[in-house]
Amino acid sequence: MAEYKTIDELVIRVDERNVDERISELIGVSIDKCFIKSVANVNGTDLSKYKIIRKDDFAVSLMQVSRDGKIPVARMIEYDVAIMSPAYPIFRVKDKNIILPAYLDMWFKRPEFDREAAFIAVGGVRGSMPWEEFAKMMLPVPDIDKQKKIVAAYEAIANRTEFKQKINDNLDVTAQTLYQEFFIDNSDSSSWKQGTVGDVLQLQRGHDLPRIEMVGGEYPVAGSTGTIGYHNKFTAEAPVIVMGRSGNIGNPRLYLCNCWTHNTSLYVKQIYQVEPIWAFYLLKNLNYDGFVGGSAVPTLNRNDVHAYGIAIPPLELQKSFSEKVMKLIHCKEENLSEIEKLQELQGVVLATISSR
């Protein structure tokens with residue numbers, strides 16, 4: 001049986017400062033437990049006070065844990081060295097012969113870890129967790145050989161997932177290249193009909209849906225940033241073209257299934273005598289910077305998009321393009337299906353480590 005140990009028994013706090021300001025790669029930790037580049041303007045900022053984080057070190061944000069229901073904590077694998085805000089506690093494994101950094105990272109990724117942390121943080125100021133409380137949390141530590149086997153199984157799945165995602169990224173690039181060749185670099189476009197987006201399709205605002213109704217159900221809920229839940233009813237039949245209306249504007253996405261279109265999105269309600277796949281890539285290639293309205297939250301006005309001037313290619317050319325791209329889209333859907341299964345399998349591996 002694995003021996004239970006506290007985080008404090010396994011790690012040591014690190015407080016190395018960028019005193020000579022030689023490191024400029026500034027990063028932070030996201031709610032998804034990964035490192036992201038900071039977009040903050042550091043011109044004129046005293047970077048000597050920032051903390052240095054190195055390969056295999058961990059960083060954690062203990063603010064508002066109970067509100068978010070997650071602890072943003074991640075292991076550094078993206079960079080050899082970077083700097084972070086002094087507000088982040090940084091720590092590293094004391095002895096890699098006792099616990100592997102990758103195994104500890106797996107423990108932090110478990111949903112049960114987040115639930116326990118959120119429960120502990122309820123009594124904290126603004127739902128935050130003091131380091132001392134975080135350090136008291138316990139986890140099972142099997143012998144190092146068992147840890148290596150668990151980590152190897154998890155990383156094999158992660159590598160397969162990354163491989164499939166890279167294939168999909170390449171398929172996206174290929175489809176965009178075809179659009180460029182067919183409709184942008186085409187030298188025989190002088191006879192194309194001139195019109196507006198509104199001549200070929202009609203955009204409609206999505207529908208409100210309480211968050212409590214987004215759990216379970218057959219149909220994806222398409223929001224401004226992607227699928228944000230599932231519902232047992234749908235508002236649009238496949239294929240559905242959806243893009244962000246509020247917050248994350250533009251970024252059209254194609255659903256090959258029926259879905260509920262959320263009110264943070266716009267969706268194509270009707271298409272007028274053009275190929276849906278061409279219409280999708282037409283919207284993907286619009287420049288949405290000029291459409292932004294609103295103040296605090298960027299908002300996309302569908303009427304502005306409808307009025308945008310375009311050249312409408314012959315239907316036969318649209319069909320030829322669509323036939324080629326649909327093969328890529330179906331291949332991408334197969335990969336996405338496998339990625340979903342791989343992610344479920346990763347969850348199974350994470351769930352089993354508590355019993356070892």
Side-chain angles (χ1 to χ4, degrees), residues 1-16 29-35 51-66 68-78 80 84 88-124 127-162 342-356:
M1 292 292 292
E3 180 183 359
Y4 272 77
K5 293 181 179 291
T6 64
I7 292 174
D8 189 52
E9 291 178 280
L10 299 168
V11 308
I12 185 171
R13 291 280 296 272
V14 179
D15 191 359
E16 182 184 3
V29 180
S30 77
I31 196 71
D32 296 318
K33 302 180 188 281
C34 61
F35 288 100
K51 291 182 178 180
I52 294 176
I53 182 168
R54 301 183 182 277
K55 183 80 77 176
D56 267 344
D57 285 354
F58 291 80
V60 61
S61 174
L62 297 171
M63 303 296 290
Q64 299 175 326
V65 174
S66 65
D68 296 334
K70 273 189 174 185
I71 291 187
V73 55
R75 176 173 64 107
M76 168 69 90
I77 55 176
E78 294 88 346
D80 289 327
M84 305 191 71
Y88 285 103
I90 296 175
F91 58 96
R92 65 175 60 123
V93 164
K94 288 180 183 178
D95 188 344
K96 294 181 181 179
N97 292 314
I98 295 177
I99 187 167
L100 299 173
Y103 179 85
L104 181 59
D105 191 28
M106 288 176 62
W107 181 262
F108 290 146
K109 285 183 168 68
R110 298 172 69 251
E112 292 82 2
F113 168 78
D114 284 324
R115 285 196 287 270
E116 181 184 357
F119 177 78
I120 294 170
V122 167
S128 299
M129 175 184 281
W131 169 265
E132 292 73 20
E133 293 298 322
F134 174 76
K136 288 179 186 176
M137 296 180 73
M138 302 187 76
L139 65 149
V141 184
D143 67 63
I144 205 70
D145 288 333
K146 285 187 178 179
Q147 290 183 43
K148 288 178 180 178
K149 290 178 181 177
I150 296 167
V151 169
Y154 184 84
E155 290 184 346
I157 300 168
N159 290 338
R160 177 68 177 178
T161 303
E162 184 180 1
L342 288 168
Q343 290 171 338
E344 291 174 0
L345 188 56
Q346 276 186 308
V348 171
V349 175
L350 290 178
T352 60
I353 65 176
S354 62
S355 60
R356 295 180 183 265

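If you're wondering where the values come from, they're calculated on a predicted model, not measured in any experiment.
For K55, the NZ atom counts as densely surrounded, since its 6.0 Å shell holds more than 12 non-hydrogen atoms of other residues, nucleotides or ligands.
The CZ atom of F113 sits 4.5 Å away from the CE atom of M137 when rounded to the nearest 0.5 Å. Rounding to the nearest 0.5 angstrom, the gap separating the CG atom in L139 from the OH atom in Y103 is 6.5 Å. Going from atom CG of D56 over to atom CE of M76 covers 10.0 Å, rounded to the nearest 0.5 Å. Note that CG of L350 and OG1 of T352 are 7.5 Å apart. Values are rounded to the nearest 0.5 Å. If you take CG on D143 and CD1 on I98, they are separated by 12.5 Å, rounding to the nearest 0.5 Å. Between the NZ atom of K70 and the OG atom of S61 there is a distance of 13.5 Å, given to the nearest 0.5 Å.
One finds a salt bridge joining K33 and D114 here, because a Lys/Arg side-chain nitrogen approaches an Asp/Glu carboxylate oxygen to under 4.0 Å. Salt-bridge check for D105 with K109: passed, with a basic side-chain N closer than 4.0 Å to an acidic carboxylate O.
Across K136 and T6, no two heavy atoms sit closer than the pair O-CG2, 3.7 Å. The two atoms that bring P101 and K96 nearest to each other are CG-CE, 3.8 Å, heavy atoms only. The nearest pair of heavy atoms linking P89 to K51 is CA-NZ, 4.1 Å.
Taking 4.5 Å as the limit, every side-chain heavy atom of S128 sits out of range of all side-chain heavy atoms of L62. Contact of the N97 side chain with the I144 side chain is not registered, since no non-hydrogen atoms from C-beta on lie closer than 4.5 Å. No side-chain heavy atom of I353 sits under 4.5 Å from any side-chain heavy atom of Q147. Using a 4.5 Å heavy-atom threshold, the side chains of R92 and I12 count as touching. Counting heavy atoms from C-beta outward, I71 and F108 have side chains that stay 4.5 Å or more apart.
Sorted by first and then second residue, the pairs that involve residues 4-13 and meet salt bridge (charged side-chain N to carboxylate O under 4.0 Å, His left out), not counting sequence neighbours, are E3-K5.
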- Query: How far apart are the C-alpha atoms of V29 and Y88, what are their side-chain angles, what is the distance that settles it, and do they pass the side-chain contact (heavy atoms from CB on, under 4.5 Å) test?
  - Reply: CA-CA 9 Å; V29 180; Y88 285 103; 4.0 Å; yes
- Query: Is there a side-chain contact (heavy atoms from CB on, under 4.5 Å) between I90 and R54 once you walk through the steps?
  - Reply: CA-CA 10 Å; I90 296 175; R54 301 183 182 277; over 6 Å; no
- Task: Would you sort out whether I7 and W107 count as a side-chain contact (heavy atoms from CB on, under 4.5 Å), showing the intermediate values?
- Result: CA-CA 11 Å; I7 292 174; W107 181 262; 5.9 Å; no
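Between F58 and the choices V11, L104, I53, the side chain to side chain contact (heavy atoms under 4.5 Å, CB included) rule is met once, by L104.
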